[in-house]
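In what follows, every chain begins at residue 1, and chains take the letters A, B, ... in the order their sequences are listed. In what follows, every heavy atom counts, from backbone to side chain, and hydrogens, waters and symmetry copies are set aside.
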2 protein chains.
Amino acid sequence: MSADGTVASRSSRTMSAQDQLRRVQDEFIRKWGEMGQTWGINRTMAELHALLYITGTPQCTDDVMERLNISRGNASMSLRALCDWGIIRRFHRRGERREYFESLGDVWEMFSIIAAERKRREMDPVLETIKQCQAMLDEQAIGSAARSETVAITRKRLESMQEFMEVTNKIFHAFVSNTKSGLNKVVKVLLKSL
Amino acid sequence: MSADGTVASRSSRTMSAQDQLRRVQDEFIRKWGEMGQTWGINRTMAELHALLYITGTPQCTDDVMERLNISRGNASMSLRALCDWGIIRRFHRRGERREYFESLGDVWEMFSIIAAERKRREMDPVLETIKQCQAMLDEQAIGSAARSETVAITRKRLESMQEFMEVTNKIFHAFVSNTKSGLNKVVKVLLKSL
DNA sequence: CATCGACTTCAGACATCTCTGAAACATGGT
DNA sequence: ACCATGTTTCAGAGATGTCTGAAGTCGATG
């Protein structure tokens with residue numbers, strides 16, 4: 001790369017600083033990817049997001065392909081998925097054909113988005129199921145005089161779980177709404193449930 | 001099963017109530033298993049836990065094998081893992097050789113245990129990595145006059161992420177500590193960070 | 001309208017995770 | 001000591017998840 005000997009010392013110091021930065025970033029990216037996996041997020045997506053977040057610099061498809069050593073297809077799909085989640089943004093640069101990507105910079109905002117999305121995709125359906133289960137048990141109770149102990153237990157457990165999930169949802173909501181009164185209200189709800 | 005015609009009506013009503021209960025439980029178990037998967041918990045473990053939770057009744061290995069249609073090996077390993085997590089309990093019954101398992105009944109307690117464990121296993125190592133990354137960047141800054149923009153950005157992002165994770169940890173801790181003053185303290189911290 | 005650069009899609013290869021079933025192990029009773 | 005009953009372990013089978021690479025799409029440009 002640098003064939004010039006005269007600026008060797010300055011150049012090498014600069015290069016080493018850049019290398020060092022890159023190594024630090026890679027370390028973060030690696031660990032973030034590992035964590036993602038244990039949370040049900042695939043490694044590439046997590047790493048991709050980590051890369052865009054930690055550099056804070058817009059990058060195009062080829063940049064990330066080279067940096068993470070992944071195929072074009074994988075990069076394309078994963079970047080799209082991250083855009084769908086709403087935690088990275090895609091944009092054009094005037095006069096360029098390539099598209100660039102950048103991460104949201106505000107961690108709280110990212111967390112809000114992810115929490116809201118996971119609530120919608122994963123908590124809400126479970127809550128729905130719990131309510132259906134309760135309805136089914138109620139119907140049955142009307143239809144028969146059977147009041148078995150086991151039914152009572154299941155009913156109770158469904159109730160507890162429902163209450164827990166609803167409180168949890170309120171807590172998530174407080175993060176999103178992000179106001180003092182909202183948070184205090186949540187604390188009150190929480191205290192009553194404990 | 002019931003070969004007796006005379007008690008057919010009462011018997012069939014009883015059976016149907018039991019069947020209905022079982023169907024409701026199965027529905028909950030199924031959904032819980034699905035949710036677990038998207039959170040990086042394997043389906044069998046989630047279902048196993050759901051079964052023990054929702055029935056609220058101690059069950060032995062053969063019970064769960066039959067109910068969930070899983071092999072003995074799988075049941076054994078998964079039950080052990082759940083015990084390791086601390087959200088189910090294994091115990092003997094006097095005069096019986098089989099071991100029985102039951103779930104914790106308190107959802108809040110289960111959540112506390114899970115949150116604490118995941119924090120320890122997944123958040124803490126990431127926080128550790130972030131601190132190491134920061135240290136590496138600091139060293140470098142001393143060694144060279146290079147104060148590139150990119151380094152500054154990365155440093156800033158590491159800081160934001162660290163702060164976010166530390167606040168999140170405090171919130172988890174408030175759930176565990178479970179006191180009014182603890183929760184209020186958390187709200188204050190939270191408000192300052194927002 | 002042919003070409004080019006960039007992006008997307010997806011079938012099949014590959015990697016990882018999960019489960020089974022049988023053998024080994026443990027333990028209590030006779 | 002031996003059997004009966006129950007549990008654990010783990011190699012290999014099977015299922016699921018992920019990635020690649022090449023063919024296809026799209027739109028800008030000469």
Handout entry: Salt-bridge criterion met for Arg30(A) and Glu34(A) (N-O under 4.0 Å)
Key = yes

Handout entry: Salt-bridge present (Lys31(B), Glu27(B); N to O < 4.0 Å)
Key = no

Practice task
Output yes when at least one side-chain N/O atom of Arg98(A) is less than 4.0 Å from OP1 or OP2 of dG27(D), else no.
Solution key: no

Practice task
Check the distance between dT5(D)'s P and His92(B)'s NE2 and give it to me in whole angstrom.
Solution key: 17 Å

Completion exercise
Glu96(A) atom CD is separated from dC7(C) atom P, nearest whole Å, by 10 Å

Problem - Whichever hydrophobic residues join Phe91(A) through chains of side-chain contacts under 4.5 Å - result: Tyr100(A)

Problem - Heavy atoms of other groups near Lys131(A) NZ, more than 12 under 6.0 Å - result: yes

Handout entry: Within residues 34-55 of chain A, residues whose heavy atoms come under 4.0 Å of DNA chain C
Key = none

Practice task
Tell me which residues in residues 60-83 of chain B put a heavy atom below 4.0 Å from DNA chain C, sorted by number, or none.
Solution key: Asn69(B), Ile70(B), Ser71(B), Gly73(B), Asn74(B)

Exercise for the section: Please round to the nearest 0.5 Å and tell me the distance separating atom CG of Asn74(A) and atom CE of Met45(A). Expected result: 10.5 Å

Problem - Approximate separation, where rounding is to 0.5 Å, of Asp84(A) CG and Leu79(A) CG - result: 11.0 Å

Exercise for the section: Not counting sequence neighbours, which residues clear salt bridge (charged side-chain N to carboxylate O under 4.0 Å, His left out) with Asp26(A)? List them please. Expected result: Arg67(A)

Practice task
Quick one: list whatever passes side chain to side chain donor-acceptor pair (under 3.5 Å) with Arg121(A), sequence neighbours left out.
Solution key: Glu117(A)

Write down the protein N/O and nucleotide N/O pairs, taken from nucleotides 27-30 of chain C, whose separation is under 3.5 Å; answer none if there are no such pairs.
| unit_1 | atom_1 | unit_2 | atom_2 | d |
| --- | --- | --- | --- | --- |
| dT27(C) | O2 | Arg97(B) | NH2 | 2.6 |

Problem - Derivation of the side chain to side chain donor-acceptor pair (under 3.5 Å) call for Glu122(B) and Trp39(A) - result: CA-CA 9 Å; Glu122(B) 288 141 27; Trp39(A) 285 85; 3.0 Å; yes

Exercise for the section: May I ask you to decide if the ring planes of Phe111(A) and Phe164(B) are parallel, tilted or perpendicular, using 30° and 60° as cut-offs? Expected result: tilted

